[in-house]
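Just dropping this structure here.
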Amino acid sequence: MADKIRVLLSEEEVNRRISEIAGQISLDYEGKELHLICILKGGVFFTCELAKRLTVPVSLDFMSVSSYGDDTKSSGVVRIVKDLDESLKDKDVLIVEDIIDSGRTLSYLMEVLKQRGPASIRLCTLLDKPERRVKKQVKVDYTCFTIPDEFVVGYGLDYAQKYRNLPYIGVVEF
Ligand code: IMP
Ligand code: MG
């Protein structure tokens with residue numbers, strides 16, 4: 001049976017906000033080249049929409065990660081399922097993520113990627129759920145929307161691999 005989905009952020013709202021953030025990022029990186037790292041799979045829709053709106057030269061790479069073990073074992077260890085194709089050496093890197101929840105994935109990933117010698121490394125997320133944060137040290141440089149503690153889908157985010165393709169962000173009404 002189809003799940004009921006309530007619209008939280010419409011396609012227009014999301015796209016308008018991505019344009020704003022893209023404008024800010026383009027200003028911040030003026031005169032530089034930006035190396036975007038898309039965190040698969042959830043970050044893919046946001047990365048495309050963001051990249052299209054950036055006015056600085058952009059290169060792209062992709063990485064896929066999954067959390068080790070279950071929620072009860074909060075080791076914070078993340079497995080790299082697909083690593084980057086290119087080196088980060090001396091690049092201005094921007095990690096593009098769909099949502100920061102506990103912050104475990106990104107706190108681990110930031111540490112790993114910092115070791116690879118980028119000129120700079122920043123974090124950009126479509127959504128942030130700060131109420132859920134376990135890893136308080138995660139610093140988010142660009143946030144499109146801060147949302148309450150609700151399970152959301154669409155714009156890349158899934159529920160059991162479904163709904164990534166919704167053009168808006170919705171809440172699954174269980
Ligand atoms: P964390 O910040 O390490 O807890 O994990 C973030 C990841 O959990 C995201 O990249 C998503 O894949 C997933 N996630 C967290 N909250 C949601 C949600 O509301 N909807 C869909 N996926 C979510
Ligand atoms: Mg994700």
Side-chain angles (χ1 to χ4, degrees), residues 1-26 28 34 36-55 58 60-74 76 78-82 94-110 122-174:
M1 206 184 84
D3 304 290
K4 200 160 173 272
I5 294 169
R6 165 169 56 86
V7 178
L8 182 68
L9 298 160
S10 72
E11 183 173 8
E12 292 71 26
E13 277 177 275
V14 176
N15 289 342
R16 201 183 317 123
R17 181 67 181 137
I18 294 176
S19 296
E20 257 176 41
I21 288 282
Q24 194 189 325
I25 294 171
S26 298
D28 293 350
L34 192 49
L36 298 182
I37 295 181
C38 169
I39 307 300
L40 297 170
K41 301 170 186 166
V44 77
F45 290 75
F46 176 40
T47 303
C48 293
E49 294 305 318
L50 180 71
K52 285 195 285 185
R53 293 166 171 85
L54 292 171
T55 56
V58 160
L60 271 178
D61 206 347
F62 299 86
M63 189 166 200
S64 182
V65 295
S66 78
S67 297
Y68 250 135
D70 52 277
D71 249 5
T72 53
K73 273 190 256 133
S74 59
V78 173
R79 189 164 58 98
I80 297 178
V81 178
K82 182 224 172 289
L94 185 64
I95 301 176
V96 185
E97 179 55 308
D98 52 0
I99 189 165
I100 315 288
D101 189 40
S102 72
R104 287 195 188 102
T105 310
L106 260 299
S107 81
Y108 172 81
L109 214 55
M110 276 299 217
R122 284 186 181 170
L123 175 58
C124 176
T125 187
L126 178 61
L127 303 172
D128 187 3
K129 277 192 215 174
E131 284 169 47
R132 298 258 306 166
R133 197 77 90 250
V134 175
K135 296 283 181 182
K136 310 272 186 204
Q137 72 270 30
V138 175
K139 179 175 167 277
V140 190
D141 300 284
Y142 303 100
T143 303
C144 290
F145 299 97
T146 298
I147 60 165
D149 181 12
E150 288 187 292
F151 195 83
V152 290
V153 294
Y155 230 97
L157 291 140
D158 74 302
Y159 169 51
Q161 297 302 325
K162 283 194 297 183
Y163 306 122
R164 290 192 196 276
N165 61 316
L166 295 179
Y168 57 87
I169 292 164
V171 177
V172 185
E173 313 255 76
F174 291 104

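The shown structure was predicted, so the numbers you read here are calculated from the model rather than taken from an experiment. One-based numbering along the sequence shown.
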Looking only at non-hydrogen atoms, find the nearest pair between Val65 and Val78 and report the distance.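 Between these two residues, the closest heavy atoms are CB-CG1, 3.6 Å.
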Quick one: pull up OG in Ser10 and OH in Tyr168 and give me the separation to the nearest 0.5 Å.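 The OH atom of Tyr168 is 11.0 Å from OG of Ser10, to the nearest 0.5 Å.
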For Ala22 and Leu54, which heavy atoms make the closest approach, and how far apart are they?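 Residues Ala22 and Leu54, closest heavy atoms: O-CD2, 3.6 Å.
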Could you check whether any side-chain heavy atom of Val152 comes within less than 4.5 Å of a side-chain heavy atom of Leu9, counting everything from C-beta outward?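 No, every pair of side-chain atoms sits at 4.5 Å or beyond.
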Could you pull out all residues at least two apart from Ser102 that satisfy side-chain contact (heavy atoms from CB on, under 4.5 Å)?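 Testing Ser102 for side-chain contact (heavy atoms from CB on, under 4.5 Å), a comparison that skips the adjacent residues, returns Arg104, Val134.
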Under 3.5 Å, is there a donor-acceptor pair between the side chain of Lys135 and the main chain of Leu106?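 It does not hold such a pair.
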Looking at every heavy atom in both Gly103 and Ile100, which two are closest together, and how far apart are they?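 That closest heavy-atom pairing would be CA-CG2, 3.9 Å.
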Gln137: which residues meet the side-chain hydrogen bond (donor to acceptor under 3.5 Å, both in side chains) condition with it, sequence neighbours left out?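 Once residues adjacent in sequence are excluded, Gln137 has no partner under the side-chain hydrogen bond (donor to acceptor under 3.5 Å, both in side chains) criterion.
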If you look at every heavy atom in Phe45 and Gly156, which pair is closest and at what distance?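 Closest approach of Phe45 to Gly156, heavy atoms only: CD1-CA, 3.5 Å.
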Is the closest basic N to carboxylate O distance between Asp98 and Lys41 below 4.0 Å?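 A salt bridge is absent here (no side-chain N lies under 4.0 Å from a carboxylate O).
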Only pairs at least two apart or in different chains count here, so list each salt bridge (charged side-chain N to carboxylate O under 4.0 Å, His left out) that has a residue in residues 144-155.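 Sorted result for residues 144-155: Arg6-Glu150, Arg132-Asp149.
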Any side-chain heavy-atom pair of Ile169 and Ile147 under 4.5 Å: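 No, their side chains stay 4.5 Å or more apart.
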Minimum heavy-atom distance Asp3-Tyr163, with the two atoms named: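 Asp3 and Tyr163 have their closest heavy atoms at OD2-OH, 2.6 Å.
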So do the side chains of Val153 and Lys162 get within less than 4.5 Å of each other, counting heavy atoms only?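 The answer is no, as the side chains (C-beta and beyond) never meet within the 4.5 Å cut-off.
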Does any non-hydrogen side-chain atom of Cys144 lie less than 4.5 Å from one of Val14?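 The answer is no, as the side chains (C-beta and beyond) never meet within the 4.5 Å cut-off.
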Determine the minimum heavy-atom distance between Leu126 and Phe46, stating which atoms define it.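 Scanning both residues completely, I find the closest heavy atoms to be N-CE2, 3.3 Å.
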Would you please test Met110 and Ile95 for side-chain contact (heavy atoms from CB on, under 4.5 Å) and show each step? CA-CA 9 Å; Met110 276 299 217; Ile95 301 176; 3.7 Å; yes
Do Leu123 and Lys139 come within less than 4.5 Å of each other through their side chains, counting heavy atoms only?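 Leu123 does not reach Lys139 side chain to side chain.
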Please determine which of Gln24, Arg53, Lys52 meets the side chain to side chain donor-acceptor pair (under 3.5 Å) test together with Ser19.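 Testing each of Gln24, Arg53, Lys52 against Ser19, the sole residue satisfying side chain to side chain donor-acceptor pair (under 3.5 Å) is Arg53.
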side-chain hydrogen bond (donor to acceptor under 3.5 Å, both in side chains) partners of Thr55, counting only residues at least two apart: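 Checked Thr55 against side-chain hydrogen bond (donor to acceptor under 3.5 Å, both in side chains); matches are Ser26.
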According to salt bridge (charged side-chain N to carboxylate O under 4.0 Å, His left out), does anything in residues 17-26 pair up with another residue at least two apart or in another chain? List the pairs.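 Those involving residues 17-26 are Arg17-Glu20.
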Measuring from atom NZ of Lys82 to atom OG of Ser66, what distance do you get when rounded to the nearest 0.5 angstrom?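 One finds 14.5 Å between NZ of Lys82 and OG of Ser66.
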What's the spacing between Tyr155 OH and Asn15 CG if we round to 0.5 Å?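 If we round to the nearest 0.5 Å, Tyr155:OH and Asn15:CG are 3.5 Å apart.
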Just to verify, what does Tyr142 make a side-chain hydrogen bond (donor to acceptor under 3.5 Å, both in side chains) with, not counting sequence neighbours?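 Per chain and number, Tyr142 pairs via side-chain hydrogen bond (donor to acceptor under 3.5 Å, both in side chains) with Asp28, Arg122.
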Closer than 3.5 angstrom, by distance alone: can the side chain of Thr143 be matched with the main-chain N or O of Phe145 as a donor-acceptor pair?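 Looks like no, no N/O pair under 3.5 Å.
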In the structure I gave you, are the side-chain heavy atoms of Asp141 and Ile25 within less than 4.5 Å of one another anywhere?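 Asp141 vs Ile25: side chains apart.
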Point-to-point distance, once rounded to the nearest 0.5 Å, from CD1 of Ile99 to CG of Asp128: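 Output value for this atom pair is 8.0 Å.
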Would Glu97 and Leu109 count as a side-chain contact (heavy atoms from CB on, under 4.5 Å) here? Give the steps. CA-CA 11 Å; Glu97 179 55 308; Leu109 214 55; over 6 Å; no
